S.K.: 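Quick one: this structure, given as structure tokens, is what I'll be asking you about.
Quick caveat: nothing in here was measured; it's all calculated off a predicted structure. As a basis for the values below, the full set of heavy atoms in this structure was taken, side chains included, without hydrogen atoms, waters or symmetry mates.
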Amino acid sequence: MTFNFDQWVDRSHSDSLKWHKYRDGDVIPLWVADSDFQSPPSVINALQQRVAEGVFGYGVPPAELVDLVVSRMQQKYDWTIQPQWIVWLPGLVCGLHLAVRAFTTPQQSCIMPSPIYPPFMQAAQIDGRSWHAQKVEQRQQRWVPTVEQIEPPLNGKEKLLMLCNPYNPGGTVFRREELLEQLSFAQRHNLIVCSDEIHCDLLLEPGARHIPFASLNEDAAERSITLMSPSKTFNIAGLGASLAIIPNDKLRKQYSNTGRGTIPDVNILAYVAATAAYRDGEEWLAAQLDYLRANRDLAVARINAIPGLHMLPIEGTYLGWIDTTEAQLSDPHRFFLQAGVALSNGKDFGDSKFVRINLGCQRALLDKALDRMAAALAAR
């Protein structure tokens with residue numbers, strides 16, 4: 001089957017958060033991490049068939065979906081999991097919050113990479129926890145979190161290590177030795193590990209392999225909460241289908257009990273979409289990855305040719321992390337917004353000299369946005 005990712009779907013005056021924010025101006029929105037691609041036909045067809053039933057009462061996780069997740073972990077990641085390890089969630093962000101609430105007290109703290117996807121920090125802030133920043137540094141054209149610089153300030157009150165793999169922002173797909181370094185750190189400080197792996201299927205670099213943290217060994221499994229979702233992979237984020245995989249019975253019960261009565265069940269249509277995506281979406285996913293790789297290559301070449309900007313190659317995700325330091329912009333986000341391109345503000349991630357670009361869009365739109373960015377810097 002042929003899929004057309006150049007097909008334009010006008011969402012400028014729809015309920016799209018991404019497009020609604022700038023609907024009244026001539027602005028290209030390349031910020032929040034959803035793509036502009038139609039979901040796989042199998043997902044759309046499955047939803048249409050379910051809607052045609054006309055009854056939308058309470059639901060349960062489909063047995064087929066559970067089996068698909070178990071087999072997917074085995075086939076893609078050589079990770080053997082049990083069905084009872086799965087905790088279904090209506091979104092990955094609430095999964096981050098649950099981890100913070102379940103495994104730390106207000107007197108304890110978290111450790112997380114910096115810069116990092118803003119909901120990591122928000123989970124700690126909203127739930128009244130302090131956190132330590134594990135600085136992410138450039139190593140051989142990749143963004144990698146450090147361990148050495150964080151250990152001296154630790155005071156023994158740390159309880160939860162939060163990871164993001166593939167890394168958002170920055171797009172690093174962590175290698176086994178890098179994950180083992182994080183495991184060793186967690187062992188030294190007796191930490192529970194919450195690993196956000198929502199972009200695990202979006203691998204752009206040939207030869208890159210996603211390794212779930214929990215799959216490293218038995219110790220990693222017993223101290224881990226792994227968060228995954230088909231939402232970014234198949235562009236169904238608005239439906240809200242996510243899951244936590246928690247091998248340790250005690251941790252799983254603690255996690256589930258923390259959300260009881262406050263975290264709603266997964267939407268029945270989200271279950272339908274997730275089942276169809278995991279069952280029938282692989283051909284579409286392979287075609288999407290080819291398209292995203294070409295977008296990545298275009299963006300890396302063009303951005304690095306613009307004086308004042310620099311972006312490392314992206315191994316995974318469709319999100320680029322642009323360093324504007326040499327451009328000496330007082331507010332990079334505002335500068336590019338005034339030029340008609342809405343990027344994510346690096347300040348929200350922990351570094352105001354950066355902006356994040358979403359490459360999950362039609363190539364012509366990406367080209368147009370890059371034209372605007374280059375012209376704005378040239379005209380200063």
Side-chain angles (χ1 to χ4, degrees), residues 3-8 18 28-40 76 115-117 136 138-144 164-175 196-211 230-235 237 281-306 308-324 332 336 341-344 346 349 354-374 377:
F3 306 100
N4 182 14
F5 293 95
D6 287 313
Q7 179 182 347
W8 173 248
K18 180 179 183 179
I28 299 172
L30 300 181
W31 61 292
V32 69
D34 70 6
S35 78
D36 289 325
F37 309 138
Q38 283 193 338
S39 295
K76 282 186 169 285
I116 191 59
Y117 176 53
V136 177
Q138 181 177 332
R139 294 183 186 174
Q140 298 180 331
Q141 294 292 291
R142 300 169 69 248
W143 293 109
V144 180
C164 188
N165 179 32
Y167 173 54
N168 175 15
T172 304
V173 178
F174 296 118
R175 298 165 184 164
D196 169 5
E197 303 182 11
I198 194 171
H199 292 101
C200 60
D201 293 322
L202 295 172
L203 305 185
L204 305 185
E205 188 64 22
R209 180 184 172 220
H210 178 73
I211 302 172
S231 62
K232 306 295 184 184
T233 306
F234 300 101
N235 201 24
E282 287 304 300
E283 186 181 358
W284 180 93
L285 173 57
Q288 179 192 216
L289 290 175
D290 286 341
Y291 193 90
L292 288 173
R293 286 186 189 104
N295 275 8
R296 183 270 311 266
D297 293 345
L298 171 69
V300 169
R302 290 206 55 190
I303 288 169
N304 288 326
I306 299 173
L309 301 186
H310 182 65
M311 186 174 82
L312 295 183
I314 304 163
E315 297 177 328
T317 81
Y318 48 70
L319 306 167
W321 191 229
I322 304 173
D323 186 353
T324 73
F336 289 116
V341 182
L343 306 170
S344 294
F349 294 75
F354 283 75
V355 286
R356 191 190 72 175
I357 186 170
N358 178 349
L359 308 178
C361 63
Q362 284 70 34
R363 193 159 301 133
L365 190 70
L366 176 60
D367 242 338
K368 185 177 180 180
L370 295 171
D371 285 343
R372 290 184 177 187
M373 292 169 67
L377 283 168

S.K.: Could you tell me whether the side chain of Asp201 and the main chain of Thr233 form a donor-acceptor pair under 3.5 Å?
M.R.: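 Absent.
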S.K.: List the residues meeting salt bridge (charged side-chain N to carboxylate O under 4.0 Å, His left out) with Asp371, not counting sequence neighbours, and say none if there are none.
M.R.: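 Asp371 satisfies salt bridge (charged side-chain N to carboxylate O under 4.0 Å, His left out) with Arg302 once adjacent residues are dropped.
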S.K.: Roughly how far, to the nearest 0.5 Å, is the CE atom of Met311 from the CD1 atom of Ile306?
M.R.: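 Going from CD1 on Ile306 over to CE on Met311, the span is 10.0 Å.
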S.K.: How about Ser231 and Ile198: do any of their side-chain heavy atoms sit closer than 4.5 Å?
M.R.: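 A side-chain contact under 4.5 Å exists here.
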S.K.: Can you name the side-chain hydrogen bond (donor to acceptor under 3.5 Å, both in side chains) partners of Glu315, sequence neighbours left out?
M.R.: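 With sequence neighbours excluded, Glu315 shows a side-chain hydrogen bond (donor to acceptor under 3.5 Å, both in side chains) to Arg142, given in chain and number order.
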S.K.: Taking the side chain as every heavy atom from C-beta outward, state whether Leu202 and Lys232 have any pair of such atoms under 4.5 Å apart.
M.R.: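 Of all side-chain heavy-atom pairs linking Lys232 with Leu202, at least one is under 4.5 Å.
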S.K.: With side chain to side chain contact (heavy atoms under 4.5 Å, CB included) as the criterion, how do Gln288 and Asn235 come out once you've worked through the C-alpha distance, each side chain's angles and the decisive distance to 0.1 Å?
M.R.: CA-CA 11 Å; Gln288 179 192 216; Asn235 201 24; 5.6 Å; no
S.K.: Contact between Asn358 and Trp31 at the side-chain level, heavy atoms closer than 4.5 Å - yes or no?
M.R.: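 Heavy-atom side-chain distance check fails, nothing below 4.5 Å.
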S.K.: Specify the closest pair of heavy atoms between Leu203 and Pro166, including all atoms of both residues, with the distance to one decimal.
M.R.: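 Looking at all heavy atoms of both residues, the closest pair is CD2-CG, 4.2 Å.
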S.K.: Kindly indicate, with the supporting measurements, whether the criterion side chain to side chain contact (heavy atoms under 4.5 Å, CB included) is fulfilled by Asn295 and Tyr318.
M.R.: CA-CA 9 Å; Asn295 275 8; Tyr318 48 70; over 6 Å; no
S.K.: Cation over ring, Arg372 on Phe336, under 6.0 Å and within 45°?
M.R.: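 Verdict for Phe336: no cation-pi partner in Arg372.
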S.K.: Taking Thr317 for the side chain and Gly171 for the main chain, is one N or O donor matched with an acceptor at less than 3.5 Å?
M.R.: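 Side chain of Thr317 to backbone of Gly171: no pair is present.
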S.K.: Considering non-hydrogen atoms only, spot the tightest contact between Thr324 and Val355 and give its length.
M.R.: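 Answer, listing the atom of Thr324 first, then Val355: CG2-CG2, 4.2 Å.
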S.K.: Is there a donor-acceptor contact under 3.5 Å from the side chain of Asp36 to the main chain of Trp8?
M.R.: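 Between the backbone of Trp8 and the side chain of Asp36 there is no qualifying donor-acceptor contact (under 3.5 Å).
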S.K.: Quick one: closest heavy-atom pair of Asn168 and Ile116, and the distance?
M.R.: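 So the two residues come closest at O-CD1, 3.6 Å.
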S.K.: Quick check: does any side chain N or O of Gln141 sit under 3.5 Å from a backbone N or O of Leu312, one acting as donor and the other as acceptor?
M.R.: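 A pair under 3.5 Å: no.
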S.K.: List the steps and the verdict of side chain to side chain contact (heavy atoms under 4.5 Å, CB included) for Ile357 and Val341.
M.R.: CA-CA 10 Å; Ile357 186 170; Val341 182; 5.8 Å; no
S.K.: Do Tyr291 and Arg363 make a side-chain contact, defined as non-hydrogen atoms from C-beta onward lying under 4.5 Å apart?
M.R.: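 Yes, side chains in contact.
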S.K.: Restricting to non-hydrogen atoms, name the atom on Arg356 and the atom on Leu343 that form the minimum distance, rounded to 0.1 Å.
M.R.: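 Smallest heavy-atom distance, with atoms named: O-CB, 3.5 Å.
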S.K.: Walk me through it: do His310 and Ile322 pass the test side chain to side chain contact (heavy atoms under 4.5 Å, CB included)?
M.R.: CA-CA 6 Å; His310 182 65; Ile322 304 173; over 6 Å; no
S.K.: If you apply the rule ring-ring contact (aromatic ring centres under 6.0 Å, His included), what do you find for Phe37 with Phe3, and how did you get there?
M.R.: CA-CA 10 Å; Phe37 309 138; Phe3 306 100; over 10 Å; no
S.K.: Decide yes or no for Leu370 and Ile303: does some side-chain heavy atom of the first lie under 4.5 Å from some side-chain heavy atom of the second?
M.R.: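 Counting from C-beta outward, Leu370 and Ile303 do come under 4.5 Å.
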S.K.: Between Pro115 and Pro169, which heavy-atom pair has the shortest distance, and what is it?
M.R.: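 What the structure gives for the nearest pair is O-CD, 4.1 Å.
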S.K.: Less than 4.5 Å apart, side chain to side chain, heavy atoms only: is that true for Gln362 and Phe5?
M.R.: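 No; the side chains remain at least 4.5 Å from each other.
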S.K.: Would Trp321 and Phe349 count as a ring-ring contact (aromatic ring centres under 6.0 Å, His included) here? Give the steps.
M.R.: CA-CA 10 Å; Trp321 191 229; Phe349 294 75; 5.4 Å; yes
S.K.: What pair of heavy atoms forms the shortest contact from Leu359 to Ile314, and how long is it?
M.R.: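 Where Leu359 meets Ile314 most closely, the heavy atoms are CD1-CD1, 3.6 Å.
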